[in-house]
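Accompanying notes for the structure given below.
Quantities reported herein were computed from a predicted structural model and do not represent experimental measurements.
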Amino acid sequence: MDKSSVFSREGYLEEDYRLFHLRDTAGQERDYHFHEFNKIVLLLSGRVDYAVEDRVYSLEPWQVLLIKHHTIHKAIIDKKEPYERIIIYLDRSYCQRIMPEAHLTECFDLADRSGQHLLLPDGDEIDALRTALSGCEANLKSDSFGAKAMADTLLIQFLILLNRISAAPAPLGEERSSKVGSALSYINENLTSELTVDSIAAQVYLSKYHFMRLFKESVGSTVHQYIRQKRLLYAARLIREGVNANKAAADAGFSDYSVFHRAFKDSFGISPGDLKK
């Protein structure tokens, strides 16, 4: 898929969570995409950069990347080295169902609000994360009494540790375009209003064409494609919450329902009506 094409929805999750421990010499490199669930990436070895919205993170072993649902991201893998990582898909409602008072997904919300998606645990924190993860992984593979319950307990322990680390984030050294960051903030704060390239460029004090080039280099899509995908995601959330599809389309900034319907089906693989069902 060309980098400039519409972001794709990838992955599925029918369980409460899934844990993948992957080892290979290249990794499966995808283009910019998003998920309907929260995602945790923990690098064990190898070299990989992760582009998340407008930021690029160069991961080191035992650094943790938090990717909230609907966040657009892409892995950029150095294929000269073996690549080992743990990836966890986490259903958004799972933590709320089993432990609502703990707010275990707050770390994802904080990453989304702050634009700070990478956690840098220290030595003691890494030991605690390793213990919880290895125990969870072992129990998921076991058929002994209470193994699934033990895996669930250790996953909760892992999430508690992530939230503690997230509450006191360390400074990062990766580069970021403040102009693109400001533009993304403006887009997301005004998603339901009329948005044009000219008006957004004016907000960050750049010429239209310089802004368009900088945006595409940083985010991986055109401004129009980014806005459309964010509006589709917003409309999908409204529909899941019970809003009529026509109203959801209008509230998300689509003036033509037929255009919205076609774009929705192309992006999500189902119609707005099917999503509501």
Side-chain angles (χ1 to χ4, degrees), residues 9-24 27-28 34-46 48 50 52 57 59-71 73 75 83-114 116-170 237 240-241:
R9 179 190 57 163
E10 294 195 0
Y12 65 92
L13 183 64
E14 297 177 349
E15 311 94 324
D16 293 325
Y17 64 89
R18 294 181 71 188
L19 187 152
F20 305 87
H21 189 153
L22 306 172
R23 303 181 186 90
D24 50 52
Q28 188 175 6
F34 61 92
H35 305 288
E36 290 293 323
F37 43 82
N38 293 331
K39 178 179 178 180
I40 300 168
V41 180
L42 194 156
L43 179 67
L44 297 177
S45 66
V48 61
Y50 255 89
V52 184
Y57 303 94
L59 273 63
E60 299 290 339
W62 286 95
Q63 292 182 350
V64 182
L65 196 67
L66 301 175
I67 303 174
K68 187 177 179 179
H69 62 277
H70 294 173
T71 299
H73 61 283
Y83 178 35
E84 182 177 5
R85 67 279 190 201
I86 290 176
I87 295 177
I88 298 174
Y89 291 172
L90 184 65
D91 181 78
R92 290 180 281 155
S93 62
Y94 172 59
C95 296
Q96 180 64 24
R97 291 198 309 272
I98 62 169
M99 195 172 288
E101 72 285 354
H103 304 291
L104 293 176
T105 57
E106 174 61 25
C107 55
F108 295 98
D109 296 332
L110 180 60
D112 186 58
R113 292 194 303 267
S114 66
Q116 178 68 277
H117 302 90
L118 189 65
L119 301 182
L120 308 178
D122 61 25
D124 291 340
E125 291 166 339
I126 289 173
D127 288 342
L129 292 174
R130 181 187 286 113
T131 298
L133 270 183
S134 60
C136 180
E137 185 177 9
N139 277 279
L140 286 173
K141 296 176 180 178
S142 172
D143 57 0
S144 60
F145 176 80
K148 179 59 167 62
M150 181 62 76
D152 293 350
T153 301
L154 290 165
L155 177 70
I156 292 169
Q157 179 180 330
F158 178 73
L159 291 171
I160 290 172
L161 291 168
L162 290 186
N163 277 276
R164 288 179 176 177
I165 298 168
S166 177
R237 189 184 75 183
R240 284 197 302 269
E241 293 173 352

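One distance of note links CG of Leu90 with OG1 of Thr105; it measures 8.0 Å at 0.5 Å rounding. Atom OH of residue Tyr89 and atom CZ of residue Arg18 lie 7.5 Å apart, to the nearest 0.5 angstrom. Atom CZ of Phe20 sits about 15.0 Å away from atom CG of Leu42, to the nearest 0.5 Å. Between atom CG of residue Leu119 and atom CG of residue Leu129 there is a gap of 9.0 Å, rounded to the nearest 0.5 Å. Here the CG-CD1 distance, from Leu65 to Ile87, works out to 10.0 Å after rounding to the nearest 0.5 Å. Interatomic distance, Ile86 CD1 to Leu133 CG, rounded to the nearest 0.5 Å: 4.5 Å.
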- prompt: Would Val64 and Val41 satisfy side-chain contact (heavy atoms from CB on, under 4.5 Å), going step by step from the backbone distance to the final call?
  reply: CA-CA 6 Å; Val64 182; Val41 180; over 6 Å; no
- request: Step by step, work out the side-chain contact (heavy atoms from CB on, under 4.5 Å) result for His35 and His69.
  value: CA-CA 5 Å; His35 305 288; His69 62 277; 5.8 Å; no
task: Would you sort out whether Arg85 and His21 count as a side-chain contact (heavy atoms from CB on, under 4.5 Å), showing the intermediate values?
output: CA-CA 6 Å; Arg85 67 279 190 201; His21 189 153; over 6 Å; no
- prompt: Where do Ile88 and Leu155 land on the side-chain contact (heavy atoms from CB on, under 4.5 Å) test, with the steps shown first?
  reply: CA-CA 10 Å; Ile88 298 174; Leu155 177 70; 4.2 Å; yes
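The ring pair (Phe, Tyr, Trp, His ring centres under 6.0 Å) test with Tyr17 singles out one residue from Phe37, Phe158, Tyr94, and that residue is Tyr94.
Judged by distance alone, with hydrogens and angles left aside, the side-chain atoms of Asn139 form a donor-acceptor pair with the main-chain N or O of Gly135 at under 3.5 Å. With hydrogens and angles ignored, the 3.5 Å screen pairs a side-chain donor or acceptor of Ser134 with a backbone N or O of Arg130. A donor-acceptor pair under 3.5 Å is absent between the side-chain atoms of Ser142 and the main chain of Ala138, judged by distance alone.
Remark: Arg237 does not engage Glu36 in a salt bridge, criterion side-chain N to carboxylate O under 4.0 Å. The pair Arg113-Glu106 meets the salt-bridge criterion, since a charged nitrogen lies less than 4.0 angstrom from a carboxylate oxygen.
Of all heavy-atom pairs between Leu43 and Glu60, the closest is CD2-C, 3.7 Å. For the residue pair Ala132 and Gln157, the shortest heavy atom distance occurs at CB-NE2, 4.2 Å. Thr71 approaches His73 most closely through the heavy-atom pair O-ND1, 2.9 Å. In terms of heavy-atom proximity, Cys136 sits nearest to Leu19 at SG-CD1, 4.2 Å. Nearest heavy-atom pair across His103 and Asn163 is O-OD1, 3.8 Å. Considering all non-hydrogen atoms of both residues, Leu120 and Leu118 come closest at CD2-CD2, 3.8 Å.
Residues that satisfy the salt bridge (Lys or Arg N to Asp or Glu O under 4.0 Å) test with Arg97, not counting sequence neighbours, are Asp16, Asp91.
Between Val48 and Tyr50, some side-chain heavy-atom pair lies under the 4.5 Å cut-off.
Each salt bridge (Lys or Arg N to Asp or Glu O under 4.0 Å) pair with one or both residues in residues 159-168, not counting sequence neighbours, would appear here, but there are none.
Aromatic ring pairs are classed by plane angle as parallel below 30°, tilted from 30° to 60° and perpendicular above 60°; the pair His70 and Phe34 is perpendicular.
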